[in-house]
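Only one structure is covered here, and it is reproduced in the block below.
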Amino acid sequence: MYTKTIDFSKFSSIKVGVPIEVLMIERGDEIPKDRLIIGHANNLLVSSNPPPLMMLSKDFAFIELEDGLLIVGCATPTGKLLSFAKKNNLAGFEFISKLPGSIGGMLAMNAGVKSYEIFNILDAIKIDGEWVEKESIEHGYRFAKLGGVATEVRFKVTEGFSQELLNELINLRANQPKTASAGSAFKNPEGDHAGRLIEEVGLKGVSKGAMEWSTVHANFLVNHGGGTFEDAKYLINLAKERVLEKFGVALVEEVQFLEEI
Ligand SMILES: Cc1cc2nc3c(=O)[nH]c(=O)nc-3n(C[C@H](O)[C@H](O)[C@H](O)COP(=O)(O)OP(=O)(O)OC[C@H]3O[C@@H](n4cnc5c(N)ncnc54)[C@H](O)[C@@H]3O)c2cc1C
């Protein structure tokens with residue numbers, strides 16, 4: 001293992017943060033228990049004082065296909081897996097287009113679009129060195145209790161990549177802002193949309209510093225350049241307060257705050 005200084009104002013998708021030293025895990029290393037694993041920071045708001053962090057090195061960025069079993073290392077970018085599935089005519093991976101991040105992050109978030117989620121198609125995950133079958137891992141809408149560091153995931157694959165489905169999913173994304181963000185700020189409450197609620201309490205387009213509730217889609221907190229963690233947190237808390245007050249709905253963050261408490 002080795003350390004690497006990562007500037008989260010450049011690395012994270014929302015472009016918020018400062019340079020932080022991160023421990024890089026290599027193949028064969030014992031995984032520390034006192035650090036928080038991160039992926040490619042597409043779902044994170046990193047403060048200037050986060051807990052000690054670690055990340056999987058490129059050793060865990062691989063894709064192997066043999067006898068109908070696909071094994072993917074958890075540092076693999078989602079785009080690489082999508083291209084592989086397309087090239088090898090594999091079914092079921094179309095939805096990961098437009099879900100930026102690493103495979104490890106996808107697993108921990110049970111990332112997905114509409115009814116397509118990563119847990120629907122996987123078979124088992126290697127967590128802290130042991131293969132764990134999907135059935136033994138508690139998971140649901142945008143969460144999975146991995147209980148450790150995922151290093152590899154296994155899929156049983158079938159043929160039939162659908163370009164049609166891919167196009168459909170890409171079109172679905174047309175209503176999302178292109179400005180830097182961490183995706184949806186809040187999970188959708190049951191039977192409703194967080195974006196609708198944020199809009200209804202008058203926050204669409206409201207900003208603090210360079211951070212703004214997007215005018216394109218109100219559940220996206222966007223950074224127009226140089227936005228801070230504190231401003232992002234202020235807007236998130238403001239939305240929670242207003243939505244609770246007006247609708248009695250307690251919004252739950254999808255984006256994760258990394259701050260030492
Ligand atoms: C423009 C945009 C659009 C998005 N749209 C969607 C969407 O439609 N649907 C959706 O679900 N998400 C969406 N996201 C969010 C994001 O793409 C996913 O959450 C993605 O899976 C995050 O991956 P990551 O590698 O960046 O993880 P990170 O953001 O780095 O980490 C996310 C979580 O995963 C954990 N984690 C990371 N790696 C591991 C590992 N190896 N083992 C155990 N835990 C780990 C971290 O501790 C953290 O809790 C969007 C994001 C952006 C920027």
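From a predicted model like this one, the values you see are computed outputs, not experimental measurements. As the structure lists them, so they are numbered: ligands from 1, and atoms in each ligand from 1.
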Ligand 1 and [X], any nitrogen or oxygen pair closer than 3.5 angstrom?
| X | value |
| --- | --- |
| Gly39 | yes |
| Ala41 | yes |
| Gln256 | yes |

| Taking atom 33 (C) of ligand 1 as the point of reference, which of Met109, Glu152, Lys126, Lys114 owns the nearest heavy atom? |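 It is Met109 that holds the nearest heavy atom.
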| said: As a check for students: among Gly148, Gly105, Cys74, identify the option with a heavy atom nearest to atom 43 (C) of ligand 1. | reply: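 The option holding the nearest heavy atom is Gly148.
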| request: Identify, for atom 7 (C) of ligand 1, the protein heavy atom at the shortest distance, and state residue, atom and that distance. | output: Leu99 CD2, 3.1 Å
| query | Hey, which atoms in ligand 1 end up nearer than 4.0 Å to a heavy atom of Ala150? | reply |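 Those qualifying, in numeric order: 40 (C), 41 (N), 42 (N), 43 (C).
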| said: I'd like to know if the side chain of Asn237 pairs up with that of Glu241 as donor and acceptor (distance under 3.5 Å, no hydrogens or angles considered). | reply: no
| task | Give a yes-or-no answer on whether the side chains of Glu260 and Asn49 include a donor-acceptor pair shorter than 3.5 Å. | result |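 On atom types as modelled, these side chains do not qualify, holding no pair under 3.5 Å.
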| task | Hey, can you tell me if Phe155 and Phe93 have their rings parallel, tilted or perpendicular (30° and 60° cut-offs)? | result |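 Ring orientation, 0 to 90° scale: perpendicular.
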| request: Between Pro100 and ligand 1, find which residue part has any heavy-atom pair under 4.0 Å and reply side chain, backbone, both or neither. | output: both
| field | Minimum side-chain heavy-atom gap Leu56-Val149 below 4.5 Å | value |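 Leu56 vs Val149: side chains touch.
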